[in-house]
Peer 1: 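Sharing a structure with you now.
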2 protein chains.
Amino acid sequence: MTDVKKSRRRPRSDGQRNREQLLDVAKTAFTMGEVDIPLDEVARRAGVGIGTLYRHFPNRDALIEAVYRAELDRLAEAAPVLAAQHPPVEALRAWMRLFVDYIAAKQVIAPALNGLVGGTGALYAHSGDVLKAAVNSLVSAAIAAGEFRADIEPLDLLRALAGVSNFSAGPGWESSAKRLVDILIAGSRSLAS
Amino acid sequence: MTDVKKSRRRPRSDGQRNREQLLDVAKTAFTMGEVDIPLDEVARRAGVGIGTLYRHFPNRDALIEAVYRAELDRLAEAAPVLAAQHPPVEALRAWMRLFVDYIAAKQVIAPALNGLVGGTGALYAHSGDVLKAAVNSLVSAAIAAGEFRADIEPLDLLRALAGVSNFSAGPGWESSAKRLVDILIAGSRSLAS
DNA sequence: TGTTAAACGGAGTATTACTCCGCATATTCA
DNA sequence: TGAATATGCGGAGTAATACTCCGTTTAACA
């Protein structure tokens, strides 16, 4: 599939630099709550022309998705590390807390992802996969160890967490999210042996 | 506060009719996934001028919120009814399932609410209250009956549910949401007496 | 250091959000 | 019932934002 073509040239360094600068500006803006920032403004802050922005990201959603995806990938990478360091259930708990801290607390995902959901849904279909794989391995381990009931669906837990990150506002929010993690884990456990 | 002024006249009937027609068209459009429908188009379908739309709803968010609020109110009203008909935990379970069916499955909330969350947050602050009160009474009852641990925060459950409704896409989604309800309830129960 | 493909910039166009105000009509009251 | 008037209507006009197009610039390679 996707043949690589014989790339006659190395990609241009200014192109990569601009792309990164755009992502950086966008991520910062989204994090600061400027979800509706005009794209001209993003280009201006990144020090590039509007045309350059649109060449790298054909529309607003593409830009948001790119920011989103980078964050998700890093979160997904943490799963195997945690699995190697902790017993199954604790590894899952740690990962879910990481989800809370990293995704929601940083506000990168929650605000930015809104507006995409209602759109094509392509974002979830695509990026969702890496998260799905991550949580899947953790939950499978807990089931294999007999700690979780066999009918627990990893995606259910993920969905619940994602929801919490959408409500991430107001004080004391973080501890609320962590309580929820514990409720989810308690609710997933096997009935007493 | 909000003094009522001496209203010298009854509100005009055509005004109310138009308002309802606009809400109806908007709700239908959002439900059909046309979240980005231009407001001119909403006005056209409702058979009114664009000016009329903007008089009733000063901007897009106001329209979305109005649609949203009507649905939430009806959901909140179900709580006391269920509480009267079932034992505490079952009442809560029934209400949460209603949440799933009514809000998420009808797709009115999830897509429409996106974009508001990142904005002012006024929507949650306002409409959130009625839902909060509803779930609060149900959970309090379960705690009072000794079925739930005392440290369960009603809002945590609500947040988890709201999240699920954002992921409401793809087949088999509904059963997933209902499994989650059960996990949440199992995780909230008192440790065996 | 010349050639060339890749990337740039930003003026221009399309689309959508929102305003403003003259006109129409429902309500009230004599 | 008909005149008076506040309330609401309509849609042309303006502003803001998304997105395109193409002549110019520049990094990569020989």
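So you know, we letter chains A, B, ... as the sequences are listed, proteins then strands, and number each from 1.
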Peer 1: Without decimals, in angstroms, what is the distance between Glu34(A) CD and dT17(D) P?
Peer 2: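 Nearest whole value for this atom pair: 12 Å.
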Peer 1: How does each nucleotide of nucleotides 25-30 of chain D score, in 5' to 3' order, for protein heavy atoms under 4.0 Å: base (B), sugar-phosphate only (S), or none (-)?
Peer 2: -BBBS-
Peer 1: If you compare every side-chain N and O of His56(B) against the phosphate oxygens of dG8(D) (OP1, OP2), does one of them come in below 4.0 Å?
Peer 2: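 For dG8(D), OP1/OP2 do not have a side-chain N/O of His56(B) under 4.0 Å.
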Peer 1: Expressed in angstrom and rounded to an integer, what is the separation of Asp36(A) atom CG from dC18(C) atom C1'?
Peer 2: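 Answer to the nearest Å: 15 Å.
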Peer 1: Just list the side-chain donor-acceptor pairs under 3.5 Å for residues 38-46 of chain A, sequence neighbours left out, or say none.
Peer 2:
residue	atom	partner	partner atom	Å
Glu41(A)	OE1	Arg44(A)	NE	3.2
Glu41(A)	OE2	Arg44(A)	NH2	3.0
Glu41(A)	OE2	Arg45(A)	NE	2.9
Arg45(A)	NH1	Glu34(A)	OE1	3.2
Arg45(A)	NH2	Glu34(A)	OE2	3.0

Peer 1: Could you list the residues that satisfy salt bridge (charged side-chain N to carboxylate O under 4.0 Å, His left out) with Arg97(B), not counting sequence neighbours?
Peer 2: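 Applying salt bridge (charged side-chain N to carboxylate O under 4.0 Å, His left out) to Arg97(B) gives Asp182(B).
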Peer 1: CG of Leu53(B) versus P of dT19(C): gap in Å, rounded?
Peer 2: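 Rounded to whole Å, this separation is 12 Å.
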Peer 1: Does Asn18(A) place a side-chain N or O at less than 4.0 Å from the phosphate oxygens OP1/OP2 of dA7(C)?
Peer 2: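 For Asn18(A), the contact criterion (side-chain N or O under 4.0 Å from OP1 or OP2 of dA7(C)) is not met.
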Peer 1: Quick one: Gln16(B) CD to dC9(D) C1', roughly how many Å, whole number?
Peer 2: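 Computing the Gln16(B):CD to dC9(D):C1' distance gives 16 Å.
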Peer 1: Starting from P on dT17(D), measure out to CG on Asn59(B) and report it in whole angstrom.
Peer 2: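 Roughly 14 Å, once rounded to whole Å.
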Peer 1: Where do Leu184(B) and Leu180(A) come nearest, in terms of heavy atoms and distance?
Peer 2: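 Distance-wise, the nearest heavy atoms are CD2-CD1, 3.9 Å.
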Peer 1: If only side-chain N and O atoms of Thr52(A) are considered, is one of them under 4.0 Å from the OP1 or OP2 phosphate oxygen of dA7(C)?
Peer 2: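 No, Thr52(A) has no side-chain N/O under 4.0 Å of OP1/OP2 on dA7(C).
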Peer 1: Applying side chain to side chain contact (heavy atoms under 4.5 Å, CB included), can you list everything that pairs with Asn59(A), at least two apart in sequence or on another chain?
Peer 2: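 For Asn59(A) the side chain to side chain contact (heavy atoms under 4.5 Å, CB included) partners, ignoring immediate neighbours, are Asp61(A), Ala62(A).
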Peer 1: Apply side chain to side chain contact (heavy atoms under 4.5 Å, CB included) to Ala79(A) and list each qualifying residue two or more places apart in sequence or on a separate chain.
Peer 2: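 Here the qualifying residues are Trp95(A), Ala134(A), Leu138(A).
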Peer 1: Please name all residues satisfying salt bridge (charged side-chain N to carboxylate O under 4.0 Å, His left out) with Glu90(B), sequence neighbours left out, ordered by chain then number.
Peer 2: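 Partners of Glu90(B) under the salt bridge (charged side-chain N to carboxylate O under 4.0 Å, His left out) test: Arg93(B).
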Peer 1: Of all of residues 38-45 of chain A, which get a heavy atom below 4.0 angstrom from DNA chain C, listed by number?
Peer 2: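 Residues of residues 38-45 of chain A that come under 4.0 Å of DNA chain C do not exist, since none gets that close.
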Peer 1: Scan nucleotides 12-15 of chain D against the protein and return all N/O pairs shorter than 3.5 Å with their distances rounded to 0.1 Å.
Peer 2:
none

Peer 1: Can you name the side-chain hydrogen bond (donor to acceptor under 3.5 Å, both in side chains) partners of Gln21(B), sequence neighbours left out?
Peer 2: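 None.
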Peer 1: What's the CZ-C1' distance between Phe57(B) and dT19(C), to the nearest Å?
Peer 2: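 For the pair Phe57(B) CZ and dT19(C) C1', the rounded distance is 18 Å.
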Peer 1: Might you point out which heavy atoms bring Ile152(B) and Ile143(B) nearest each other, and give the distance in Å?
Peer 2: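 Scanning both residues, the minimum pair turns out to be O-CD1, 4.0 Å.
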Peer 1: Please list, chain by chain and in numerical order, all residues satisfying salt bridge (charged side-chain N to carboxylate O under 4.0 Å, His left out) with Glu147(B), sequence neighbours excluded.
Peer 2: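 Partners of Glu147(B) under the salt bridge (charged side-chain N to carboxylate O under 4.0 Å, His left out) test: Arg189(B).
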Peer 1: State which residues pass side-chain hydrogen bond (donor to acceptor under 3.5 Å, both in side chains) with Asp14(A); sequence neighbours excluded, sorted by chain then number.
Peer 2: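 With neighbours one apart ignored, the set is Arg12(A).
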Peer 1: Can you measure Leu63(A) atom CG to dC19(D) atom C1' for me and round it to whole angstrom units?
Peer 2: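 Whole-Å distance recorded here is 14 Å.
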Peer 1: Test of understanding: with salt bridge (charged side-chain N to carboxylate O under 4.0 Å, His left out), list the residues that count as partners of Arg149(A), not counting sequence neighbours.
Peer 2: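 For Arg149(A) the salt bridge (charged side-chain N to carboxylate O under 4.0 Å, His left out) partners, ignoring immediate neighbours, are Asp151(A).
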Peer 1: Check every strand shown and say whether Arg55(B) touches a base, only sugar-phosphate, or nothing at a heavy-atom separation below 4.0 Å.
Peer 2: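 Arg55(B): base contact, heavy atoms under 4.0 Å.
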